[in-house]
Amino acid sequence: MDRVPARLLIVEDELPVRQMLRLLLEDEGFEVSEAADGESGLTRFAVDAPDLVLVDLRLPGMDGLELCRHLRQRTDVPIIVVSAQVDSNDVVAGLDAGADDYVTKPFVATELTARIRAALRRATIDADPSHENFAFADVEIAPASGIVTKGGEPVHLTKTEFRLLTEFARSAGLVLSRDQLLERVWGYEYLGDSRLIDAHVRRLRMKIETDPTEPKLLLTMRGLGYKLELPAEAAET
Amino acid sequence: VTRRRFGLRARGAIAFMLLALLVSASMAFIAYGLARNYLVQQRERTALQQAYLNARTVRASIAAPTLDVQALLASLPTNEKSAPILRIGDQWYASSVAVGRDAIPPSLLEAVERGDAARQRVELEDLPGAAVGVPIPGTDASYFELFWFAELDRTLHTLAWSLTAAAVVTTLAGAGVGAYASRRVLRPMHEFADAAVQVAEGHLSTRLDPRGDADLEPLAVSFNEMAASLEERIAQEERFASDVSHELRTPLTSISAAVDVLERRADDRSRAAVEVLRAQVQYFQRLVIDLLEISRLTAGAAEAATEPTSPTELVESVVRLVGRPEVPIEVVPPMPEELWLDRRKVERVLANLLENADRYAGGATGIELSAHNGTFRLAVDDAGPGVPPPERALIFDRFHRGTATAGAAETDRGTGLGLALVAEHCRVHGGRAWVEAGPDGGARFVAEFATR
C-alpha cells in the first residue's frame, strides 16, 4: 500500500470541499479522482477503479445513500460517508446502505486520514492462511480464501463484514463488547462509535441469519455487546 | 375573590345537592302542611260532632229542677283528650281544674255570646287542639268543649321526622348524583388534560378523537389544530436547524481542510499566522457544533433514546475515548448490571465534564457512579479552586464566563456551551445537573439521569 499510492474517489457536490479534500488527501500521498454527483460517481468508479470511495450524503440527483447501494451491488471496496448530516437517523441510514464508516463535517484532517488508512488496511489484509476454517450451524467461513457460505450457497460480504464475522467466529460463545469490536475490526481506539457496530451487525444478520428479525447466531447481549452463539450440536463436535 | 376554592366536580356535586335539598325540603314542607291540615280537620269534625251531642245532653239536663252540674259534666262522654266547660249565667263549671274559662279564646266566647255556635283552633299545652262553643237555646247557658289532639301531634311528629329523613336522603343522593354526573361530564376533560400532557412531553402527534361528543367536538377539533400547528412548527424548526447545520458545516469543512493544507506548506514566517487561523477555525467549529447541538436539544423534539446499558462499561469507554484512562472511577454499590440510559447523552455529558475539569480546574481527580430511586448519577471531582456558591447556578448558563475562566489558557478557549450542554442533555434525559463542593476542596459536578 505504501509503494503503490492508493486511489480514492471523492463524490461531493460542493466544489470548495472537493478541492480541499483533494489537496489534503494528495498531501497524504493518495491519488484522488472526483465526481460532483451520484451518476458521474458511478461512471468515475467504473473508469478509475478506486481503492476507496468517499461519499457525501446530500447529492443532486442520485443521493449518497442510493450511490452507496449501487456501489455495494458491484463492489466491496470500502465506502466512507462524509456528511454534514449528524442526526442518528442519517448516520444509521448511511451505514445500512452499505458504508463501512462515516465522518461528519467539519472533520479533523488527521481523523479522516486515520479512518481512510484503517479502511484500506481492513480491505487489503484479508488472507489469513494460518487459521483453519470455521463452521457453525449451516455457515462456513474460509479465512484463507475469504469465502463464506450459508447452506452451501456463497454469501457476499464486504471486507469489514468479513472481518467482523471472523472476529465473532474466533471468540464464538464469548461476549464481545462494542469497544473490543471497534478496536479489533476497525482498528480504532478513540474514534469509535457504537452505531458503527450496531449497523454492521444488522447487515451481517441480514446475510447469515435464517430469520434476521429473530437472530439465532449473532445475539445482542443487552448492555454488554454481542455474542456468536454456537448451536448446541455444533459445539459438541 | 378566590373563585377556585372548589373544583368543577365539587361544584357540580354541591349544586346538585343544593337543588335536591331545595326540592325535597319544599316537598316535605308541603306534604307536612297538607297532611297536618287534613288530619286536624278530621279531628275537628269529630270534635264538633261530639260537642254538639254533648250540648244536646246538657240542654236536656239543664231544664231538670235538680241540677248537679258537676255530675252532669262528669257524665258526658268525654275522654282524657277533651274537657267540657259549662256556663250557666255567670257561673262557669269545668270538670278539670286545669282548664277553665281562661282557656277559651275571647273571639270564640264573643261569637257564642251572640248566639252562634263556633269553633276555633287553639294551642293547648303546646298541643294542637280545638275549642268548640255551643249556645244552649232558651237558657242563659253555653256549652264549651276543649279538645287537644295529642295523638295527632305524635302522628305529625313521626311524619315530620320521616319527611326530614327523606329530605336528607334525597339531598345526599343529589350530592352523589351530582358527583357522578360531574365526573361523567368531566371525563372528556381528563382526556384533554392527558393529551395536553402528552404534547408537553414532546409526543407531538397526539390527537383527540373529535367524534366522541357533539358538544365537545369544537374543543377537540381546535385542540387537534393546535397540536398539528405545533408539530408543524417544530418540524419546520428542525428542518431549518438541519439546513443551517448543513450550510454552516460545508464551508467550515473546506476552510478547515484548507488550513490543514496551508499548515503543511507554510514557511516559518507564515506559520504563526496559520496557527492563529487554525485555532480560530477550530474554535469556530466547536462553537457551531455545540450551538447546533444545544438548539436541537432545546427545540423540544429531543428525546432520550434509552437502551439497557452497562453504566460502568459506558463510563470506562468514555474515559478511554477522551484519553483520560488514569482518572479513578469509583462505583457506589449497589450498581445494577444495566440501566436504561441513552448512551450518547451520557457519553456527551461525561466528556464535557471531563473537558471542563481539564480546562478550568487542572483535570478531573475522580469519577463517582451511583444509582438509586430510578436515577443514575455521575459525579466528576476536580482539584481546582471550586465554584463559589453564588456562581453555582449561573455556571450552567450559555456563554457564562465565570471567575475560573480567567485562568484558562488563551489559546484553548472553551465555547462557553459545554456545561449548558451538560444541563440540557440531563434535562432531556429526565434529570438535571448541578455543582457542589468536592471532597478534596475542588468542585464536584453532578449529572443525574432518569433511568425509568
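All values derive from a computational prediction rather than experimental measurement. Labels below follow one simple rule: chain letters A, B, ... track the order of the sequence lines, proteins then strands, and each chain is numbered from 1.
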To the nearest 0.5 angstrom, please state how far the OG1 atom of B:Thr250 sits from the CD atom of A:Glu12.
7.0 Å
Partner residues of A:Glu167 under the salt bridge (charged side-chain N to carboxylate O under 4.0 Å, His left out) criterion, sequence neighbours left out
A:Arg170, A:Arg184
Which residues share a salt bridge (charged side-chain N to carboxylate O under 4.0 Å, His left out) with A:Asp48, sequence neighbours left out:
A:Arg44
Given the options A:Glu14, A:Glu26, A:Gln19, A:Lys105, which has more heavy-atom pairs under 4.5 Å with chain B than any of the others?
A:Lys105
Quick check: are there more than 12 heavy atoms from other residues, nucleotides or ligands sitting under 6.0 Å from CD of B:Glu326?
yes
Pairing residues for A:Glu31 by the side chain to side chain contact (heavy atoms under 4.5 Å, CB included) criterion, not counting sequence neighbours
A:Pro5, A:Arg7
Nearest heavy-atom approach of B:Ile289 to A:Pro106 is CD1-CD, 4.3 Å
Nearest heavy atoms of A:Ser177 and B:Glu313, plus distance in Å:
CB-OE2, 3.5 Å
Would you please go through residues 264-271 of chain B and name the residues with a non-hydrogen atom below 4.5 Å from one of chain A, in numerical order?
B:Arg264, B:Arg265
Nearest heavy-atom neighbours spanning B:Ala257 and A:Leu24:
O-CD1, 3.9 Å
Testing the basics here: between B:Glu307 and A:Arg178, what is the closest heavy-atom pair and its distance to 0.1 Å?
OE1-NH2, 4.4 Å
By a 4.5 Å heavy-atom criterion (distance strictly below it), what part of A:Arg58 contacts chain B: side chain, backbone, both, or neither?
side chain
Between CG on residue B:Asp260 and CG on residue A:Leu23, distance to nearest 0.5 Å
11.0 Å
In Å, rounded to the nearest 0.5 Å, how long is the span from CZ of A:Phe107 to CZ of B:Arg249?
12.5 Å
Where B:Ser254 and A:Met20 come nearest, the two heavy atoms and their spacing:
O-CG, 3.2 Å
